[in-house]
**Q** 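First the structure, then my questions, so here it is.
Here is the naming used below: chain letters follow the sequence lines, and residue numbers restart at 1 for every chain.
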Amino acid sequence: MVRNFPPEFVVRVDREACINCLRCVRECPFGVHEYDREKKLWKRHHEKCVACLRCAYMCPVQAISIERSPMEYAPHPVWTNRVRKDIKTQAETGAVILTAMGNELPYVSYFDRLVLDACQVTNPSIDPLREPMELRTYIGRKPEKVELEEDNGVRLKTKIAPNLKLETPIMFAHMSYGSISIEAHLSMARAAKEVGTYMGTGEGGMHVELYPYADHIITQVASGRFAVHEEYLKRGAAIEIKIGQGAKPGIGGHLPGKKVTEEISRTRMIPEGSDAISPAPHHDIYSIEDLARLIYALKEATRYKKPVFVKIAAVHNVAPIAVGIIRAGADAVVIDGFRAGTGAAPQVHRDHHGIPIEAAIASVDRRLREEGIRHWGSIIASGGIRSSADVAKAIALGADAVYIGTAALIALGCTVCKKCYTGKCAWGIATQDPELRKRLDPEEGARRAANLLRAWSHELKEILGALGLNSIESLRSNRDRLRGVGLTEPELRVLGVKPAGE
Amino acid sequence: MEIPLRKARVSREGEFVVVDAKGVHYRELNELINELVEKGERKLRLINVNGQRYIADGLRCDCYIEIHGVAGDDLAAFANGPTVVVFGDVQDGAGNTMNAGRIIVHGHGTDIIGHSMRGGKIFVRGHVGYRVGIHMKEYREQVPVLVIGGTAGDFLGEYMAGGRIVVLGLERLETYPEIAGEWLATGIHGGAIYLRDEVDEDRLGYGAKVEKLTHDDRRFLEAEVGEFCSIFSLNPEEVLNAEFTKVVPKSHRPFADMYSDAKEG
Amino acid sequence: MSGREIIRMSCMMRDRYDGRGGGFAGYGIYPRYAEYYALHLFFRDEVAKERTEELLKDRVAIIKDEPVPMRRVREIPPENIVWRYFVEVPHRFRDRKEYQEREEDYITELVFTINDCIDGAFVASSGKNMGVFKATGMPDAVAEMYKVEKYRAYCWITHGRFPTNTPGWWGGAHPFNLLDWSVVHNGEISSYGTNRRYLEAHGYKCRLLTDTEVVAYLFDLMVRRQGLSMRTAAVALTPPFWKQIERMPEPKRSVFTALRMTYSQAMLNGPFAVIVTNRDTMVGLNDRIKLRPLIAASSEDCVYLASEEAAIREVESNIERLWAPRAGNPVIARLNEEVREEVIH
């Protein structure tokens, strides 16, 4: 067979250290390691290696190393290896190239060009280890003002719309059951309940094993309406209408047929093995008034007891769209930036559509304030949130809370090999294969996911302390505590941030 | 100069609780319906309904609700069990993501009737509009059924993953005499559509093909069309004594070849 | 018909609006001044008004001018002075360089000049024996402000807005008007950029920051200036798909192909339902895959078009015909004629 391009990775094994335990053969779902017992010969299929690093982690003597293949095309700055590889793949298959995880192109990261202030002298910092530091956040619609009535003591007259109470402004993003395993879902659900935050089901429904955690789960109504059932809607803590996602703005979700097992077929009510491609639009939403109609149909169906969010991808006119969404009755608008991850997306979409989340948060927050309706709904940001610093910056730009997706999976063991759509996740996360799923123990997964949240929450407290704030509310939209480094004038203007030095 | 919104007038007529919906906003009307059902009422008659939306949305009960007038958008969306009979027309989205129950419409329907339906039945005596039965689903015995007495517009059964649609074409439109529109069943990968007429293959959408009816198909039609006819006082023998065309998916993976692994080649 | 009914129809659909725009257009409301152009103008302040009046005196003869009768309405802050001018073009003006071939072109030029060059002035309508009443507010508040219930017209259209792309300002509310043409529109014209450039090349100035204005101008261009019939104009705006044109027999196929080739930049794309009126016609039109609702109906003496059947039934109890027009087929209603849906698709 003539290959069109050289393998990306090379599997190097230290022959002296290797004890021939054959563990790597069992661990690799991609069939890289092959051992011929009769001839006692090893065959390593380098071209199948995706650098998931499972074998390297699991080798008892650490004899395995995965390296970037030294073999290359002749260098060319325009016709990069990736470009050459993509064209050859398409010449071979005539198909759209599928990939996973977030945007890989080297667009500027605004988070990395924003720096946080710190207090000194005139505005003292606060010691987060010993003094109270509040991260509690409420997501939902707030009233314009509060009316009290005196009647044998003071009582609240204003009716407050249903809100979600978060102990930390970080939630687990929606990743569908189908794209990831029930074990991954369980890990996040348990961690969310333990820490006092929420997790999203994604568009594949809520597995029955998640029911005990349902009041820490946000259900999702996506265009495929998979698993959308009246009970499901009433069971979760909130409902999120997914209009779009940052990884593939303008197109729908995609679960490749090989991941649609019997279990998935039952939950989603589609034929086994058939690709679950969510349509690009919701077919009952062709206008902002149609979105309002769905929002209220859901509120009516759940008797106005659940907040209803709307999730959109960050695109050019995200600000007026978000305003429209809030005016249409949504209790929060979720904005997913162009670095957001996915289990499967056409590469061209993932890398070329959408705008950075930083710019989106800043402009949506500003626009809502200009129209005097910022309190009508919360802003939840997501898409490439990598650390507590990103969380703090997102909140300073105007978000109320963030969703983390890829970061949560990395906590569960993911190494971002970007092969989620094959269903062969070596870590038992993005797979439905029962053997692979055994590799993710939900108890351990929950411990790690909760640890991540706790670690970031501690760091957020330290950040707040350094900023002289003891409550996260005071960081929200506080762009004065940010400065830009290496940003152009228009970028500073859009973000609403001054350059360092001013 | 607003139209004054009233509180609904409630009375009793035999087993029915009668609600006069004239001038009542949908929020109040639906709040009242839910309260009555919670209290144990099982038969409701809503009169003077004109455009109120979201009636019976998310309702889980085996109650019987009559609607006299025009039911507004998203009638019985997400519903789980009620029987809703409309003596009049329905607007967009009736039966949207419905899970169980029945909707019987003596008039016509407009667009996206039965969108993402998962179970239950919708019977419309007259014509329906565009994108009807779009993305219907099924699993084992839970098979939604949609029967239309008149004709349907373009994109009927688009992207069906399951369920059954039957179009009888008993009356035709002057401006468009076909039994169904173009892009029929485009993207279908589960379920089936039965049309009581010939269908020009040119009108079929992506991934759809025509197939001969089996014995099981005939029995299905006898049952559903039979029920349809008895509800609307039609002669089942006459209606069933015709050539039906069956439209099914070419494959349950119509888009299998569209995407490739970045590693292939 | 008094304005009361159209107001009731509008109120019935109030859940579709968000209150940032509402308006009405009535035809036949100025029988005493029927042969004059009735210019409805918004002025942000007296300065804008003075400058506009200077221009008007220079271009037309003002027969009568007065404030449009209004009430104070709590929900709508009075951002603009609203005035009406009944004008005509005296013969002696026809020698001027601004006057082209037809009087209507002269008036449209005047409208564009006011909208474009006079800051704070905006022409809400410029037809004869008709007028547009609109503002930023719910339609029923707008109706109350302008005392719409007191006017009698043989044709009324109305709209409630839920704007997403462009800010809410009085001029942004529907109906949009140019001469006798008025348009109300539900949806979004995604081909706006293309349509705008096409129109600008024909002398129209798209200044109103909203996609709907192209619909009014396209009808003006094709029907009034180029003399196409309403049906042909509709074919240009919502042509059948190529695969449908291929199926047509000759000579129909050549006609449709030529229309589509010539008017490719006029074609409207995006989800929309529009109702377009002029002094003797009302046309309803959907996009080619019917992404927005539209219902047509007729009683013995009246034709209705609306986004919802319930809005029609709110005011008419003797409906003879009621149906949902097919995507891309215009529904054409003319005074004293039977309403019909033209079969294009």
Side-chain angles (χ1 to χ4, degrees), chain A residues 3-5 8 47-48 50 85-86 88-99 221 223-226 228-231 233-234 254 256-257 265-277 279 282-284 290 293-294 296-303 344 346-347 418-419 421-422, chain B residues 26-27 30-31 34 53-60 73-74 77-81 92-93 96-100 111-112 115-119 131 134-140 142 144 155 158-159 161-163 187 189-191 249 251-265:
Chain A
R3 251 186 292 285
N4 280 306
F5 39 78
E8 255 184 283
E47 75 282 359
K48 293 186 180 172
V50 302
K85 199 170 98 148
D86 285 348
K88 287 177 184 296
T89 304
Q90 294 185 304
E92 180 65 30
T93 61
V96 171
I97 294 179
L98 207 59
T99 183
V221 175
S223 60
R225 301 283 158 94
F226 296 122
V228 175
H229 182 285
E230 164 259 330
E231 272 177 71
L233 295 172
K234 290 179 183 166
H254 182 107
S265 164
R266 182 167 58 79
T267 342
R268 298 197 182 201
M269 296 184 81
I270 56 172
E272 218 175 300
S274 100
D275 304 86
I277 305 183
H282 283 244
H283 281 295
D284 54 350
D290 291 351
R293 178 174 67 191
L294 180 61
Y296 282 99
L298 289 167
K299 288 191 176 184
E300 285 275 330
T302 53
R303 306 313 305 147
Q347 188 175 270
K418 304 171 285 177
K419 295 293 162 201
Y421 56 87
T422 61
Chain B
Y26 73 72
R27 246 182 117 147
N30 294 330
E31 184 83 41
N34 274 280
R53 302 177 156 202
Y54 316 128
I55 298 176
D57 278 13
L59 201 57
R60 187 196 314 172
D73 290 16
D74 272 2
F78 310 108
N80 199 11
D92 290 354
N96 184 351
T97 318
M98 187 168 128
N99 192 63
D111 302 337
I112 48 170
H115 169 287
S116 292
M117 229 174 129
R118 310 156 45 94
R131 285 176 291 284
I134 189 169
H135 217 3
M136 275 169 84
K137 308 170 171 43
E138 75 178 60
Y139 188 75
R140 302 251 171 100
Q142 193 170 341
F155 307 104
E158 175 173 341
Y159 205 35
H189 55 293
S251 113
H252 69 268
R253 292 200 70 195
F255 304 104
D257 291 333
M258 221 179 99
Y259 297 98
S260 87
D261 193 317
K263 269 193 120 43
E264 280 169 71

**Q** Supply the atom-to-atom distance A:Glu230 CD to B:Arg118 CZ, rounded to the nearest 0.5 angstrom.
**A**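 Those atoms lie 10.5 Å apart.
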**Q** To the closest 0.5 Å, what do you measure between CD1 (B:Ile112) and NE2 (A:His283)?
**A**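 If we round to the nearest 0.5 Å, B:Ile112:CD1 and A:His283:NE2 are 10.0 Å apart.
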**Q** Show the numbers, then the answer: is there a side chain to side chain contact (heavy atoms under 4.5 Å, CB included) between B:His135 and A:Arg225?
**A** CA-CA 8 Å; B:His135 217 3; A:Arg225 301 283 158 94; 5.7 Å; no
**Q** Does any part of the side chain of B:His189, heavy atoms only, come nearer than 4.5 Å to the side chain of A:Asp275, both counted from C-beta?
**A**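 No, too far: nothing below the 4.5 Å cut-off.
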**Q** Side-chain contact, heavy-atom cut-off 4.5 Å: B:Asp74 with A:Tyr296?
**A**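 Side-chain contact under 4.5 Å: no.
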**Q** For B:Asn34, is it the side chain, the backbone, both or neither that has a heavy atom under 4.5 Å from a heavy atom of chain A?
**A**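 Looking at B:Asn34, just its side chain touches chain A.
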**Q** Just so I understand: if I count every heavy-atom pair under 4.5 Å between each of A:Asp290, A:Ile277, A:Val221, A:Ile270 and chain B, which residue has the most?
**A**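 Counting heavy-atom pairs under 4.5 Å, the top option is A:Ile277.
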**Q** Check for a donor-acceptor pair, side chain of B:Tyr54 on one end and backbone N or O of A:Leu298 on the other, with a separation under 3.5 Å.
**A**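 No: the side chain of B:Tyr54 does not pair with the backbone of A:Leu298.
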**Q** Name the region of B:Glu158, side chain, backbone, both or neither, that has any atom closer than 4.5 Å to a heavy atom of chain A.
**A**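 Side chain of B:Glu158 only, per the 4.5 Å heavy-atom cut-off to chain A.
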**Q** Is there a side-chain contact between B:Asp92 and A:Arg293, using heavy atoms and a 4.5 Å cut-off?
**A**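 B:Asp92 vs A:Arg293: side chains touch.
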**Q** With A:Glu272, which residues qualify under salt bridge (Lys or Arg N to Asp or Glu O under 4.0 Å), at least two apart?
**A**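 Per chain and number, A:Glu272 pairs via salt bridge (Lys or Arg N to Asp or Glu O under 4.0 Å) with no residue.
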**Q** Out of A:Pro271, A:Pro256, A:Ser223, return the one with the most heavy atom pairs under 4.5 angstrom to chain B.
**A**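 The option with the most such pairs is A:Pro271.
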**Q** Nearest 0.5 Å, what's the CZ-CD distance between A:Arg266 and B:Gln142?
**A**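 Spacing of CZ (A:Arg266) from CD (B:Gln142) equals 11.5 Å.
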**Q** For a quick test of reading the model, state the closest non-hydrogen atom pair linking B:Asn96 to A:Asp284 and the distance between them.
**A**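 The pair with the smallest heavy-atom distance is ND2-OD2, 2.8 Å.
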**Q** In terms of heavy-atom pairs under 4.5 Å, which option from B:Lys137, B:Arg131, B:Arg53 contacts chain A the most?
**A**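 Heavy-atom pairs under 4.5 Å are most numerous for B:Lys137.
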**Q** Quick one: what part of B:Arg140 sits under 4.5 Å from any heavy atom of chain A, side chain, backbone, both or neither?
**A**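 Side chain of B:Arg140 only, per the 4.5 Å heavy-atom cut-off to chain A.
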**Q** Could you report the tightest heavy-atom contact between A:Glu231 and B:Asn80, atom names first, then the distance?
**A**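 Taking every non-hydrogen atom into account, OE2-ND2, 4.3 Å.
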**Q** Under a 4.5 Å heavy-atom cut-off, does chain B meet the side chain of A:Ser265, its backbone, both or neither?
**A**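 For A:Ser265, the contact with chain B is made by backbone and side chain together.
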**Q** Considering only heavy atoms, which portion of A:Ala276 lies under 4.5 Å from any heavy atom of chain B: side chain, backbone, both, or neither?
**A**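 The backbone, not the side chain.
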**Q** Using heavy-atom distances under 4.5 Å, tell me whether A:Lys418 contacts chain B through its side chain, its backbone, both, or neither.
**A**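 When you check distances to chain B, no heavy atom of A:Lys418 falls under 4.5 Å.
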**Q** For the interface with chain A, which of B:Glu31, B:His115, B:Met98 has the highest count of heavy-atom pairs at distances below 4.5 Å?
**A**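 Of the candidates given, the most pairs with chain A belong to B:His115.
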**Q** Within the structure provided, determine whether A:Lys299 and B:Asp57 are in side-chain contact (heavy-atom separation under 4.5 Å).
**A**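 They are not in side-chain contact.
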**Q** Who pairs with B:Asp111 by salt bridge (Lys or Arg N to Asp or Glu O under 4.0 Å), at least two apart in sequence or on another chain?
**A**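 For B:Asp111 there are no salt bridge (Lys or Arg N to Asp or Glu O under 4.0 Å) partners, ignoring immediate neighbours.
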**Q** At a 4.5 Å cut-off on heavy atoms, which part of A:Arg268 comes close to chain B: side chain, backbone, both, or neither?
**A**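 Interface part for A:Arg268: backbone (N, CA, C, O).
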**Q** Compare all side-chain heavy atoms of B:Tyr26 with those of A:Glu300 and state whether any distance is below 4.5 angstrom.
**A**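 Of all side-chain heavy-atom pairs linking A:Glu300 with B:Tyr26, at least one is under 4.5 Å.
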